[in-house]
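Below is one structure, written out as structure tokens; the observations come after it.
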Amino acid sequence: MSHAVSDLLHGLNQQQQEAVLATSGPVLVVAGPGSGKTRVLTHRIAHLIQNENVIPEEILAVTFTNKAAGEIKKRVEGLIGPGAANGMWMGTFHSIGVRFLRQNPGLVADRLGILPNFVIYDDADQVAIAKQAIVANNLDVKNVAPRRMLARISAAKSQLLSPTDFVETIENYGDEIVSRVYREYQALLGKANAVDFDDLLVLPIRLFDSSPQILERYQQRFRHILVDEYQDTNRVQYVLVSALAEYHRNLFVVGDPDQSIYAWRQADIRNILEFQEDFPDARLIKLETNYRSTRRIVETADRLIRENTQRIERTLITENDEGEMVSLRELSDERHEARFIVDEIRRLQQSTGVRADQIAVMYRTTAQSRVIEESFRMSGIPYRIIGGLRFYERKEVKDVIAFLRIIHNPADELSLNRVIDNMPIGRGIGPKAIDAVRAWAEQHNLGLVEGFVAAAGALDAPALAGAARSSAQRLGFAIAQLRELEKELTLSELFDALVEKTGYQSAFHHENEEEMERWANVLELRNDLEDFDALGPGEALAAYLDQVQLVSDADTMKDDAPEVTLITLHSAKGLEYPIVFIAGVEEGLLPVSRAIEEEPTNPNAIEEERRLFYVGITRAEKLLYLTHASGRARYGKWDMAIPSRFLANLPVETVRTVGRQSVSGPVSLVGRARSQFATSNSRSSDAPIRTTTIVPDWVAERNAPGATEQPPVSLEAGLKVFHPKFGEGEILSVTERRGDQEYEIAFKLHGTKRLLASLAKLDIIE
DNA sequence: CCGTCGAGGCCCGAC
DNA sequence: GCCTCGACGG
């Protein structure tokens with residue numbers, strides 16, 4: 001073996017080496033969590049370039065996030081030298097889809113009827129368009145939920161069904177409605193010269209269908225195709241990849257059926273399960289050794305996932321240390337849960353010096369992040385939320401982007417509406433004025449945007465009078481001016497002109513903190529634009545607008561700032577942290593209520609939830625905490641919560657259960673005693689396999705008469721306590737009051753308050 | 001034409 | 001509990 005080859009194989013195990021070297025023909029790598037999948041990918045790419053005379057342009061690598069693509073590229077260059085990977089096609093399916101479309105503007109216009117300046121509509125844009133489509137069909141948005149329609153439309157597109165194809169599948173009146181809305185939705189996108197996310201995958205396929213020469217060109221170009229997270233690909237992605245790989249047949253896919261968590265967006269687990277049928281000459285390589293987590297974490301995960309039926313049998317093993325017990329903890333409600341997490345992080349930081357960026361808090365639903373965030377904000381521990389309200393979804397940021405989109409694509413009337421509704425320059429333009437401009441525009445066979453531009457300059461202008469007229473002129477003039485400036489200014493200069501000429505800048509008075517923060521966000525956007533100043537005028541805007549729509553939540557993560565990461569289980573896929581908290585391990589959250597509802601007809605839904613839990617658990621390297629609450633507010637209403645069924649299957653040998661520590665409200669003393677029993681029992685027992693069966697017991701006990709009416713534990717002066725609303729405080733005095741006790745508590749942030757023992761939900765801190 | 005107010009839906013997850 | 005939408009008065 002040559003020097004170069006053995007260098008690249010150094011430190012890889014047998015199976016990993018096999019995966020790196022199997023460079024001819026189709027290969028399926030089934031890679032367990034933490035099994036060195038990324039190393040395999042990077043070393044394989046490095047090997048191809050360095051030892052197999054493959055030039056970077058001949059490699060197509062599909063990753064799950066754009067950030068992962070960047071990392072892989074960096075690591076490849078670390079192996080074979082800076083710049084050595086330049087020219088490689090790497091990114092998510094969606095960004096690669098855009099690339100196909102952008103690279104063939106003429107054909108895309110000719111065959112697909114989409115002009116080169118098309119924009120990509122995001123989730124909110126899609127909802128708006130779906131609503132329009134519903135209204136246009138004389139249906140009521142109240143009865144026909146736009147999001148439900150979008151889900152159906154997305155599902156149709158994911159199976160490559162056009163509106164016309166869809167008609168063939170109609171089985172009932174509901175389908176009939178979807179069909180009509182789908183048709184109108186697609187027509188509206190076309191009119192706006194816009195595409196949605198699914199189109200980014202569907203349109204390249206239609207392009208290749210209509211022009212086999214183009215497909216052939218790419219087929220010959222990509223000698224090697226690599227796809228990460230193959231278990232989460234859908235039908236469209238499968239078709240795209242198979243088509244591209246047809247010529248060279250060097251298709252290398254990596255995935256793990258146990259981590260398939262995107263069935264809801266049409267990911268088809270069959271793609272991976274049937275890979276060997278699709279490619280009978282495919283080589284199967286299994287990576288089963290986990291290098292990431294302690295043995296206890298690995299065993300916990302393995303035991304959990306064995307409950308699933310839809311999987312390829314395999315064992316996850318590790319040579320790592322046994323590590324600490326997984327900590328399972330019950331808290332009284334979501335605030336106490338959040339507080340526990342923050343307190344524990346502080347304790348860990350003090351005792352072990354762990355950095356904030358080595359810690360992640362994960363949850364099933366974004367709604368859970370609010371309370372947790374609040375707790376972090378109060379604690380002063382730096383944190384970062386992935387997902388939730390993304391930067392680009394903030395109102396003030398969307399406003400500016402909407403205006404940029406009009407400049408770039410005058411057909412984008414959705415953005416025009418947004419500008420008119422939200423920016424000061426739109427003041428004075430109401431439905432009546434818009435109707436008048438539209439009437440004029442239609443007469444002249446022009447779009448609405450051009451109507452406004454004409455109102456500002458043309459002699460033959462839309463019929464407007466008074467205030468509406470001057471407002472329309474103001475808007476039209478700004479659009480016309482900025483459109484010209486876009487051709488000569490850099491993006492950041494264009495931004496400056498935009499906020500000035502639209503009066504957007506002066507709309508911020510910087511009087512209160514909120515306004516200042518919003519303006520800071522607008523300026524942050526300017527920062528963003530500066531990155532594109534190197535591109536020439538006229539070109540930068542298109543590139544920027546694409547990028548804005550394609551960044552994912554996980555892409556926005558910074559590595560440098562030492563912050564605790566707050567993240568959904570879905571977004572956490574592919575990441576790893578020394579310390580992981582998973583919050584809300586409860587029925588209704590994990591598994592999420594929808595999956596429970598579907599259970600009778602679709603047991604796969606629960607299995608996917610279990611996989612999601614599995615993904616979360618396997619993110620942890622050293623310490624893993626699982627928390628759940630006895631009660632939780634949902635939709636603003638408080639409700640009892642039941643511990644997740646998944647907990648019942650976790651091995652007692654690896655999980656330590658700690659009962660609730662609240663001192664008021666329904667305290668489950670029995671549960672606490674029992675969990676201590678369970679722990680000590682596991683130590684003395686030498687029974688081979690034992691699972692925690694205490695979960696259903698807790699529920700039974702909590703619902704048993706008397707169990708919920710524990711007398712409040714009395715507190716005394718001097719104790720430090722925590723209140724869900726007022727935070728930390730110290731008890732100054734305790735007084736008897738009608739059979740109850742009243743505490744006088746000095747809160748750090750909210751001053752001194754008098755609270756009744758029976759009502760206040762207090763935790764003792766010290 | 002604009003801002004305010006109350007009703008109702010909402011939240012499963014993401015490119 | 002928070003956001004969005006439509007109705008209403010200024």
Side-chain angles (χ1 to χ4, degrees), chain A residues 62-68 91-98 120-124 126-128 131 135 140-143 145-148 150-151 154 157-158 195-201 229 232-234 236-237 260-267 334 362-371 374 386-390 392-393 395 420-422 424 426-434 466-468 471 546-556 567-573 584 588-598 605 608-609 611-612 615-616 632-638:
Chain A
V62 187
T63 55
F64 199 68
T65 63
N66 287 302
K67 185 172 177 255
T92 61
F93 271 106
H94 292 85
S95 48
I96 284 163
V98 169
I120 304 159
Y121 273 2
D122 69 10
D123 182 66
Q126 284 177 263
V127 171
K131 264 182 207 162
V135 172
D140 192 344
V141 178
K142 279 190 188 113
N143 306 323
R147 287 205 181 269
R148 182 140 284 173
L150 282 173
S154 175
K157 289 189 180 188
S158 300
V195 303
D196 66 15
F197 285 117
D198 294 310
D199 288 337
L200 296 178
L201 308 175
E229 307 286 7
D232 282 325
T233 52
N234 64 27
V236 185
Q237 291 162 339
S260 160
I261 55 173
Y262 283 101
W264 52 272
R265 59 174 219 211
Q266 317 307 319
E334 70 274 18
M362 302 177 184
Y363 34 81
R364 175 63 175 84
T365 69
T366 50
Q368 291 167 257
S369 68
R370 271 196 53 150
V371 179
E374 229 171 76
I386 309 304
L389 235 212
R390 283 161 52 186
Y392 295 116
E393 286 164 1
K395 183 191 168 299
I420 290 173
D421 287 347
N422 293 297
R427 291 261 163 80
I429 303 171
K432 278 172 77 180
I434 293 175
S471 300
D546 276 354
Q547 191 248 199
V548 164
Q549 298 309 115
L550 292 173
V551 286
S552 72
D553 285 338
D555 292 335
T556 64
I567 192 167
T568 63
L569 288 166
H570 277 96
S571 295
K573 191 175 77 161
L589 282 177
L590 190 64
V592 78
S593 45
R594 188 83 66 92
I596 297 172
E597 286 160 26
E598 280 179 32
E608 177 148 320
E609 295 295 304
R611 289 194 289 265
L612 197 49
V615 165
R632 182 180 296 272
R634 255 192 138 184
Y635 301 127
K637 266 195 200 156
W638 195 87

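These numbers come from a predicted model, not from an experiment. Chain identifiers are assigned alphabetically (A, B, ...) following the order of the sequence lines, protein sequences preceding nucleic acid strands; residue numbering begins at 1 within each chain.
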State whether [X] places a side-chain N or O below 4.0 Å from either non-bridging phosphate oxygen (OP1 or OP2) of [N].
{"X": "A:Lys131", "N": "C:dT4", "result": "no"}
{"X": "A:Ser552", "N": "B:dC15", "result": "yes"}
{"X": "A:Thr65", "N": "B:dC15", "result": "no"}
{"X": "A:Ser571", "N": "B:dA14", "result": "yes"}
{"X": "A:Arg370", "N": "C:dC2", "result": "yes"}
{"X": "A:Arg265", "N": "B:dA14", "result": "no"}

Which of the following nucleotides, [options], is nearest to the side chain of [X]?
{"X": "A:Thr568", "options": "B:dC15, B:dC1, B:dA14", "answer": "B:dA14"}
{"X": "A:Lys432", "options": "B:dC15, B:dC1, B:dC12", "answer": "B:dC1"}
{"X": "A:Ala433", "options": "B:dC12, B:dC1, B:dC15", "answer": "B:dC1"}
{"X": "A:Glu608", "options": "B:dG13, B:dG3, B:dC12", "answer": "B:dG13"}
{"X": "A:Thr365", "options": "B:dC1, B:dC11, B:dG13", "answer": "B:dG13"}
{"X": "A:Thr366", "options": "B:dG13, B:dC1, B:dC15", "answer": "B:dG13"}
{"X": "A:His570", "options": "B:dC15, B:dG13, B:dC12", "answer": "B:dG13"}

Subject >> Atom of A:Ser471, atom of A:Ile429 and distance for their closest heavy-atom approach >> reply: CB-CG1, 3.6 Å
Distance check needed: [N] [atom2] versus [X] [atom1], whole Å only.
{"X": "A:Lys573", "N": "B:dA14", "atom1": "NZ", "atom2": "P", "value": "12 Å"}
{"X": "A:Gln549", "N": "B:dA14", "atom1": "CD", "atom2": "C1'", "value": "14 Å"}
{"X": "A:Arg632", "N": "B:dC11", "atom1": "CZ", "atom2": "P", "value": "18 Å"}
{"X": "A:Leu200", "N": "B:dA14", "atom1": "CG", "atom2": "P", "value": "18 Å"}
{"X": "A:Glu609", "N": "B:dG13", "atom1": "CD", "atom2": "P", "value": "11 Å"}
{"X": "A:Tyr635", "N": "B:dA7", "atom1": "OH", "atom2": "C1'", "value": "17 Å"}
{"X": "A:Lys157", "N": "B:dC15", "atom1": "NZ", "atom2": "P", "value": "18 Å"}
{"X": "A:Asp123", "N": "B:dG13", "atom1": "CG", "atom2": "C1'", "value": "12 Å"}

Original post:
Quick one: CG on A:Asp546 to NE2 on A:His94, what's the gap to the nearest 0.5 Å?
Top reply: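 The distance works out to 13.0 Å.
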Subject >> Touch class at under 4.0 angstrom, heavy-atom based, for A:Ile261 against every strand present >> reply: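 Nothing, no nucleic acid heavy atom in range.
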Original post:
Base, sugar-phosphate, or nothing: which does A:Phe64 touch, judged by heavy atoms less than 4.0 Å apart?
Top reply: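 Since no nucleic acid heavy atom lies under 4.0 Å of A:Phe64, the category is nothing.
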**OP:** Could you let me know what B:dT4 is paired to, Watson-Crick or G-U wobble, both distances under 3.5 Å, or none if it's on its own?
**Re:** C:dA7
**OP:** Provide the Watson-Crick or G-U wobble partner of C:dG1, both distances under 3.5 Å; none if there is no partner.
**Re:** B:dC10
Original post:
Between the side chain of A:Ser158 and the main-chain N/O of A:Ser154, is any donor-acceptor distance below 3.5 Å?
Top reply: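 Indeed, once roles are kept as given, a pair shorter than 3.5 Å links the two residues.
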Original post:
Between A:Asp123 and A:Arg147, is any pair of side-chain heavy atoms under 4.5 Å apart?
Top reply: yes
Original post:
Is any side-chain heavy atom of A:Arg634 closer than 4.5 Å to a side-chain heavy atom of A:Leu589?
Top reply: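 Yes, their side chains come closer than 4.5 Å.
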Subject >> B:dG13 pyrimidine/purine six-ring stacking with A:Trp264, under 5.5 Å and 30° >> reply: yes
**OP:** Identify, between A:Val592 and A:Asp198, the residue whose nearest nucleotide on DNA chain B lies closer to the 5' end.
**Re:**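 The residue closer to the strand's 5' end, by nearest nucleotide, is A:Val592.
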Original post:
Which residue lies toward the 5' end of DNA chain B, A:Arg147 or A:Asp555, if each is placed at its nearest nucleotide?
Top reply: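 The residue mapped nearer the 5' terminus is A:Arg147.
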Original post:
Considering only the P atoms, how many Å lie between C:dT4 and B:dG13, rounded to the nearest integer?
Top reply: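 Their P atoms lie roughly 16 Å apart.
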Subject >> Check ion pair A:Asp198-A:Arg265 (N to O, under 4.0 angstrom) >> reply: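 Looking at A:Arg265 together with A:Asp198, the answer is no, because their closest N to O distance does not fall below 4.0 Å.
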**OP:** Hey, can you tell me if A:His570 and A:Trp264 have their rings parallel, tilted or perpendicular (30° and 60° cut-offs)?
**Re:**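 The rings of A:His570 and A:Trp264 stand perpendicular, inter-plane angle above 60°.
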